[in-house]
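In what follows, a single structure is set out as structure tokens and then discussed.
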Amino acid sequence: MPARIEDYALIGNCETVALVARNGSIDWLCLPRFDAPACFAALLGTPEHGRWQIAPAAHEIRAVRRRYRPGTLVLETDFETDAGAVTVIDTMPIATETPTIVRVVEGKRGRVAMRLDLVVRLDYGSLIPWVRRTFDGIRAIGGANGLRLRTPIPLRGERFHTVADFSVAAGQRVPFTLAWYPSSGPEPSAVESEPAIEMTERWWRAWSERCTYDGEWREAVVRSLITLKALTYAPTGGLVAAPTTSVPERLGGVRNWDYRYCWLRDATFALYALMTGGYVDEARAWRKWLLRAIAAQPSQAQVVYGVAGERLLPEWEVPWLPGYEGSVPARVGNAVTSQFQLDVLGEVADALHCARRVGLEADEDAWRVEGNLVEFVESAWQQPDEGIWEVRGPRRLFTHSKVMAWVALDRAVKAVERFGLEGPVGRWRAVRATIHEDVCRNGFDRGLGAFVQYYGSKLLDASLLMIPLVGFLPATDPRMLGTVDAIRKHLTSDGLVARYQSTPELDGLPPGEGAFLACTFWLADNLALQGKQAEARALFERLLDIRNDVGLLSEQYDPAERRLVGNFPQAFSHVGLINTARNLSRRGGPAEHRKDD
């Protein structure tokens, strides 16, 4: 059985990541990049689906503590036993010849008996590779993939596992490196563990020290920024929503999706947080990725792409994986590539506008693409769509989608008015006014005193909390006050916000999921904009308490089980943390900037 979601930490090299459990087991690893088939898939099954554990014997462990070295993705896990204490240091060095995991066991006190259990299972746990001993470890080859483990510790095979028993005394350091390479090519050169750890620590420290946020929650903000950077695919600038697939939104449920791709919406939110945090280079790389990815007719723009801009991401089920805690099916790929989500175009326009505001140099192609998208919005904004939550039921006239269509026109108008770019600004102003009037007339229910999920419905939706955050209406407008009150009354549990009232009629799936953490951050933002600073801070600190011991958040939280659920770690959640921390600062943050823009 895999660990609880909150028991995992993240290491990564800005091309892929590994999830490391508190028990020293790497239970999820896709090589050589985020969306490649997993070689360790125990997260969605059992150890027989692939994992790599280094730890003392379980019955000897008395306490476990872990942390990241400040400002880095170098993870340290302390194990206390009756015989002594050891620390396992885990990291993935940046810019090695091929993706490599470095693990070092450091003796702290006494002498501790350790156990290594390496279970390589390629192609999501379905393929047992051909394993051969080498003078300094093993070589595992299966299909197109090769893995090379190097260590001075003697290894042996047991029932298709590679195992080792060894002991570590105080002051002793035992290294292990595991590198991926194409099976058709030469093996990668050996990586020296100690210099690799030192180099990785320096690299992450230098990156995190560029953060311009200096408020009271700097440590939490920096950890979230590091997480977003770790979810960025450096060769292209694309940013994945999460590094996992099929971690359920409800334990035992079927809402299990593959998030190892680049959603325009998620990447836009994330880049907004990075840009306002001082990371303009990431914004520049994302803009280049965007222009390549959507290089087609605006009507053909997708909501999600592969990390290199791939458009074909067919969704299929993995029948041999039993799922996280029995939550099936496990899925690879994502069928939302075929959906129409109008709001994404507004998010893209807003991100490009933010890039101009933070001083990113002008790009004629970027403005040309944005202009084409806006022209498409002009013709398509009245159409129904699947909306921000990617419902798998009928298309509807979602209120949030119409608001974001307004954002697309609004940012285009401001590009002309404030940055001197060329465009039919008179026509855009007129369409912007028409959309605004349409939303206020059809998206607001006077009987409820609140904006509703879609035109003509009586249902609420947490996405409506974005209305003041993008400047559509002030947070103190009576219609927004009523909407916030209704959402707090009907969509919250233990103070945390659900996305919407899930029903089969709406999204084509069985009901039930956890509270959506990004939506709860939006609620805190609204409270802050309403002047309810004490309530906003209390809610924000409640969300900080939900983070695991190393500062990571998943997509959702189950208030009844008091557990993180959903894919992990989730970019959307960490974006919410960053933005709300800034919104609660004395100088204001993204909500103030977007509201006043």
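In terms of heavy atoms, L239 sits closest to L274 at CD1-CD1, 4.4 Å. A pairwise comparison of heavy atoms in A355 and M275 identifies CA-SD, 3.6 Å as the closest pair. When every heavy atom of S208 is checked against every heavy atom of V222, the shortest pair comes out as CB-CG1, 3.7 Å. Contact record, P559 with L496: CG-CD1, 4.5 Å, taken as the closest heavy-atom pair. What you find for G495 and L539 is that their closest heavy atoms are O-CD1, 3.6 Å.
The salt bridge (Lys or Arg N to Asp or Glu O under 4.0 Å) check on D35 picks up R33, with sequence neighbours excluded. Under the rule for a side-chain contact (heavy atoms from CB on, under 4.5 Å), the partners of R292 that lie at least two apart in sequence or sit in another chain are T236, K288, W289. Taking the ring pair (Phe, Tyr, Trp, His ring centres under 6.0 Å) definition, one finds that F451 meets it with F444, sequence neighbours left out. In this structure W381 satisfies the ring pair (Phe, Tyr, Trp, His ring centres under 6.0 Å) test with no other residue, sequence neighbours excluded. Legend: residues meeting side chain to side chain donor-acceptor pair (under 3.5 Å) with D485, ordered by chain and number and at least two apart, are absent. With sequence neighbours left out, T245 forms a side-chain contact (heavy atoms from CB on, under 4.5 Å) with W28, L44, D258, R260. Every residue meeting the salt bridge (Lys or Arg N to Asp or Glu O under 4.0 Å) condition with R284, not counting sequence neighbours, appears here in chain and number order: D281, E361. With sequence neighbours excluded, the residues that form a side-chain contact (heavy atoms from CB on, under 4.5 Å) with V17 are L10, F34, P243. For E219, the side-chain contact (heavy atoms from CB on, under 4.5 Å) test picks out no residue, with sequence neighbours left out. Every ring pair (Phe, Tyr, Trp, His ring centres under 6.0 Å) that Y279 has, sequence neighbours left out, goes to W207.
For residues 216-249, the ring-ring contact (aromatic ring centres under 6.0 Å, His included) pairs, not counting sequence neighbours, are W217-F540.
With a 6.0 Å radius and a threshold of 12 heavy atoms from other residues, nucleotides or ligands, R446 has its CZ atom at or below the threshold.
Under the 3.5 Å distance criterion, the side-chain polar atoms of D350 are left unmatched by any main-chain donor or acceptor of H353. Side chain of S554 to backbone of N567: no donor-acceptor contact under 3.5 angstrom is found. In this structure a side-chain-to-backbone donor-acceptor pair under 3.5 Å is present from Q302 to V304.
Taking the charged nitrogens against the carboxylate oxygens, R488 and E535 do have a contact shorter than 4.0 Å, which makes a salt bridge. Look at R250 and E513 and you find no salt bridge, because none of the NZ, NE, NH1 or NH2 atoms lies under 4.0 Å from a carboxylate O. Here K402 does not pair with D438 in a salt bridge; the nearest charged N to carboxylate O distance is not below 4.0 Å.
Contact of the M466 side chain with the V403 side chain is not registered, since no non-hydrogen atoms from C-beta on lie closer than 4.5 Å. Between W203 and C14, some side-chain heavy-atom pair lies under the 4.5 Å cut-off. A heavy-atom distance below 4.5 Å is not found between the side chains of Q533 and L527. Taking 4.5 Å as the limit, every side-chain heavy atom of D525 sits out of range of all side-chain heavy atoms of L465. Using a 4.5 Å heavy-atom cutoff, the side chains of V336 and R392 are in contact. With contacts defined as side-chain heavy-atom distances shorter than 4.5 Å, the pair V240/W263 does not qualify. Counting heavy atoms from C-beta on, the side chains of Q300 and R311 come closer than 4.5 Å.
H400 has its ring centre no less than 6.0 Å from the ring centre of Y454.
Remark: the E555 side chain and the Y259 side chain contain an N/O donor-acceptor pair separated by less than 3.5 Å.
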Please output the side-chain donor-acceptor pairs of residues 424-435 that fall under 3.5 Å, not counting sequence neighbours, one pair per line with the distance.
residue: R427; atom: NE; partner: E378; partner atom: OE1; Å: 2.8
residue: R427; atom: NH2; partner: E378; partner atom: OE2; Å: 2.9
residue: W428; atom: NE1; partner: E378; partner atom: OE2; Å: 3.1
residue: R429; atom: NE; partner: E417; partner atom: OE2; Å: 3.1
residue: R429; atom: NH2; partner: E417; partner atom: OE2; Å: 3.2
residue: R432; atom: NH1; partner: D410; partner atom: OD1; Å: 2.8
residue: T434; atom: OG1; partner: A430; partner atom: O; Å: 3.0

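Results of the side chain to side chain contact (heavy atoms under 4.5 Å, CB included) test with L529 over V484, L469, T476 single out L469 as the only residue that passes. Under the side chain to side chain contact (heavy atoms under 4.5 Å, CB included) test applied with L553, the options T227, I5, I546 reduce to a single match, I546. The only member of L290, L313, L312, L264 that meets side chain to side chain contact (heavy atoms under 4.5 Å, CB included) when paired with Y305 is L264.
Remark: R218 fails to qualify as a cation-pi partner of Y213 under the 6.0 Å distance and 45° angle criteria applied to the six-membered ring.
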Next item on the list: Report the C-alpha distance between R287 and E282 in whole Å, list the side-chain angles of each, state the deciding distance to 0.1 Å, and finish with yes or no for salt bridge (Lys or Arg N to Asp or Glu O under 4.0 Å).
Entry: CA-CA 9 Å; R287 188 173 68 180; E282 283 70 17; over 6 Å; no
